[in-house]
Chemist: 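Supplied in structure tokens, the structure appears directly below.
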There are 2 protein chains.
Amino acid sequence: MIGIQTRTSRTRASQRTVTPATAPVRAVRGRAESHDARLRRDPLTALDPLASAGARVSFKRGEEIVAEGDAAEYCYKVVSGSVRLVKLVADGRRQVCEFLVAGDFIGLTAEADHYFTAEATADSVLMRYPRRQVESVIASTPALARHVHKLTTTGLQRAYERMVLICHMSAQERIAWFLLEMGKRSADSDTFMLPMTRADIADYLGLVIETVSRVLTQFKTAGTIQVRNINRVTLLDRDALEAATGEG
Amino acid sequence: MIGIQTRTSRTRASQRTVTPATAPVRAVRGRAESHDARLRRDPLTALDPLASAGARVSFKRGEEIVAEGDAAEYCYKVVSGSVRLVKLVADGRRQVCEFLVAGDFIGLTAEADHYFTAEATADSVLMRYPRRQVESVIASTPALARHVHKLTTTGLQRAYERMVLICHMSAQERIAWFLLEMGKRSADSDTFMLPMTRADIADYLGLVIETVSRVLTQFKTAGTIQVRNINRVTLLDRDALEAATGEG
DNA sequence: CGCCAGGTTGAGAGCAATCAAGCGCGGTGG
DNA sequence: CCACCGCGCTTGATTGCTCTCAACCTGGCG
């Protein structure tokens, strides 16, 4: 049985790189926009004042950000990089529940503890907010509360959709879907980096690493995709991928 | 390909049995408890005043309560019976995302539309609340907002845990887990009714109906469970089930 | 140069899906 | 009252997709 230890270095970064947030996000935005207007456009900017109470935190690839069962003392916003939310299984296997990218939040939970482990799949920078303060800002800002609720709802929706994927789709369909999904998230939806390993992808889609590798090879030889430097993907035939999503 | 139509009668109940809520829940509760105390104990009682604006609605087995994509005009609270949340797949198959029982909510979403279909798996009674009013009560009641957020968070947590189940557990493990889970939800955790069909269970656990049937038979012949009248289950050997959960 | 983590490729096995048939019970109608 | 019917469930035979086990490749780094 392959344990997670053989797949990723589970180093708990005790000595964390912490940079005081001397330049809150709001300072670099345009000066013409009112506070209210920004709030309406993105309720999460209500958290900006917290920046001074928070900190920029850096994590190297594989490092743990929060551990399942930990008291939810902080919550985080991904600034750059990529994060996986995982559930560890007793026998050492794991389930990647979600991949997070810039702008996504970790730990906006209503529970006392984190119910998943969060790890960086690539070198990442996050903003860290004391959860107690976040809670109070949320409590006094209904618009923000609704937005946070919406984030959680969206997460639930994504989880449901992935259940469909995992239960009803073949390996080819799952990976075609995954590639298109990763494209949507990227600036260039045709050429992008996969900021995670094959093992991460496998554990995300309910497959094993060999199956992921095999299917990617199939897509390569079929001329559907191109892969350079292991993780740089170019979608050559989007139609073929979309067809693979629905027919396998 | 077996479509859902052959599994369940997808009758859209246009002529709904609606009973005006003449006796809100708060009226039948003890008189000694203060409003505040009740709020702290169960923030959802803040919705009680809405009862007069809502209605008791009855659904027969198989009837649709809300449809995926419908505008989220109402939300519901299950009073009695059992409800399944399902995602329908293009080819007619489906995924049961969650089973709801008395006390559970439907449609406390922050999205404009429902992102799943809800159907009664057994004759059920629900309280129906106009969502607009619910929203305003939530907005003015931080404790309630937090509780609703917690409900959604719990749903997400459950979804993640079921991903683990589906991706890493054998058919035996999944069904053992399911039986124990259903027991936990029941008044008597050793003998209870399964208020859904084999097809529902299969679509919930990512299996097919035949596999569910086979595994239940295995458990029966092994003396682990007893099944009477098709859906009345008695757990005879809880230890064996719990062992099956972790080892297959 | 050698090591190591991550990735690829191959051979074989196993578990659950699929296809197919039959059972059991409740309801309905003659 | 009984025969028929349909739905849900059970059981059997077979297929096949993915997992497992194993070997090898590749690129980065000390």
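A note on names: the letters A, B, ... follow the listed sequences, proteins ahead of strands, and every chain is numbered from 1.
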Chemist: Could you tell me the separation between the NZ atom of B:K220 and the P atom of D:dC9, rounded to a whole number of Å?
Modeler: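 The answer, rounded to whole Å, is 11 Å.
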Chemist: Write down the distance between CD (B:E173) and P (C:dG14), rounded to a whole number of angstrom.
Modeler: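 Rounded to whole Å, this separation is 17 Å.
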Chemist: Looking just at side-chain N and O atoms, do B:T191 and B:Q226 make a donor-acceptor pair shorter than 3.5 Å?
Modeler: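 Looking only at side-chain atoms, B:Q226 and B:T191 do not form any donor-acceptor pair under 3.5 Å.
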Chemist: Looking at A:D188, I'd like to know if its CG atom is crowded, meaning that more than 12 non-hydrogen atoms belonging to other residues, nucleotides or ligands lie closer than 6.0 Å.
Modeler: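 Yes, enclosed.
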Chemist: Select one nucleotide: of C:dT18, C:dT9, C:dG7, the one nearest the side-chain heavy atoms of A:N231.
Modeler: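 Of C:dT18, C:dT9, C:dG7, C:dG7 is nearest to the side chain of A:N231.
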Chemist: Taking OP1 and OP2 of C:dT8, is either one under 4.0 Å from a side-chain nitrogen or oxygen of A:R214?
Modeler: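 It does not, given that no N or O in the side chain of A:R214 lies less than 4.0 Å from OP1 or OP2 of C:dT8.
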Chemist: Among C:dT8, C:dA16, C:dG7, which nucleotide has an atom closest to any side-chain atom of A:I230?
Modeler: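 Nearest listed nucleotide: C:dG7.
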Chemist: The test is side chain to side chain donor-acceptor pair (under 3.5 Å); show your working for B:S82 and B:T121 and say whether it passes.
Modeler: CA-CA 6 Å; B:S82 171; B:T121 67; 2.9 Å; yes
Chemist: Just how far, in rounded Å, is P of C:dA17 from CD of B:Q172?
Modeler: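 After rounding, the gap between these two atoms is 13 Å.
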Chemist: Among the nucleotides D:dT10, C:dA16, C:dG7, which one has an atom lying closest to any side-chain atom of B:S170?
Modeler: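 Nearest to the side chain of B:S170 among the choices is C:dA16.
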Chemist: What is the separation between atom CD1 on B:I166 and atom C1' on C:dC15, rounded to the nearest whole Å?
Modeler: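 Whole-Å distance recorded here is 17 Å.
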Chemist: Cationic tip of A:R128 within the cone over A:Y74's six-membered ring, i.e. under 6.0 Å and within 45° of the normal?
Modeler: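 Satisfied, under 6.0 Å and within 45°.
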Chemist: Without decimals, in angstroms, what is the distance between A:M169 CE and C:dA17 P?
Modeler: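 For the pair A:M169 CE and C:dA17 P, the rounded distance is 16 Å.
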Chemist: At what distance, to the nearest 0.5 angstrom, does OG of A:S189 lie from NZ of A:K184?
Modeler: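 Atom-to-atom, A:S189:OG and A:K184:NZ are 10.0 Å apart.
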Chemist: What's the closest nucleotide to the A:I209 side chain, out of C:dA16, C:dT8, D:dT18?
Modeler: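 So the side chain of A:I209 is nearest to C:dT8.
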Chemist: So A:L216, base contact, sugar-phosphate only, or nothing? Heavy-atom distance under 4.0 Å.
Modeler: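 Result for A:L216 = nothing.
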Chemist: What's the closest nucleotide to the A:E210 side chain, out of C:dG7, D:dT10, D:dC21?
Modeler: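 It is D:dC21.
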Chemist: Just to confirm, is there a sub-4.0 Å distance from OP1 or OP2 of D:dT11 to any side-chain nitrogen or oxygen of B:S213?
Modeler: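 False: B:S213 side-chain N/O out of range (4.0 Å or more) of D:dT11 OP1/OP2.
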Chemist: What is the distance, rounded to the nearest whole Å, between atom CD of A:Q218 and atom C1' of C:dT9?
Modeler: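 Those two atoms, CD and C1', are 12 Å apart.
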Chemist: B:N229 CG to D:dC7 C1': how many Å, rounded?
Modeler: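 It works out to 17 Å between those atoms.
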Chemist: Could you state the CZ-C1' distance from A:R61 to D:dC29, rounded to the nearest angstrom?
Modeler: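 After rounding, the gap between these two atoms is 13 Å.
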Chemist: Strictly below 4.0 Å: does B:T211 bring a side-chain N or O up to OP1 or OP2 of C:dA17?
Modeler: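 Checking C:dA17 against B:T211, a side-chain N or O does come within under 4.0 Å of OP1 or OP2.
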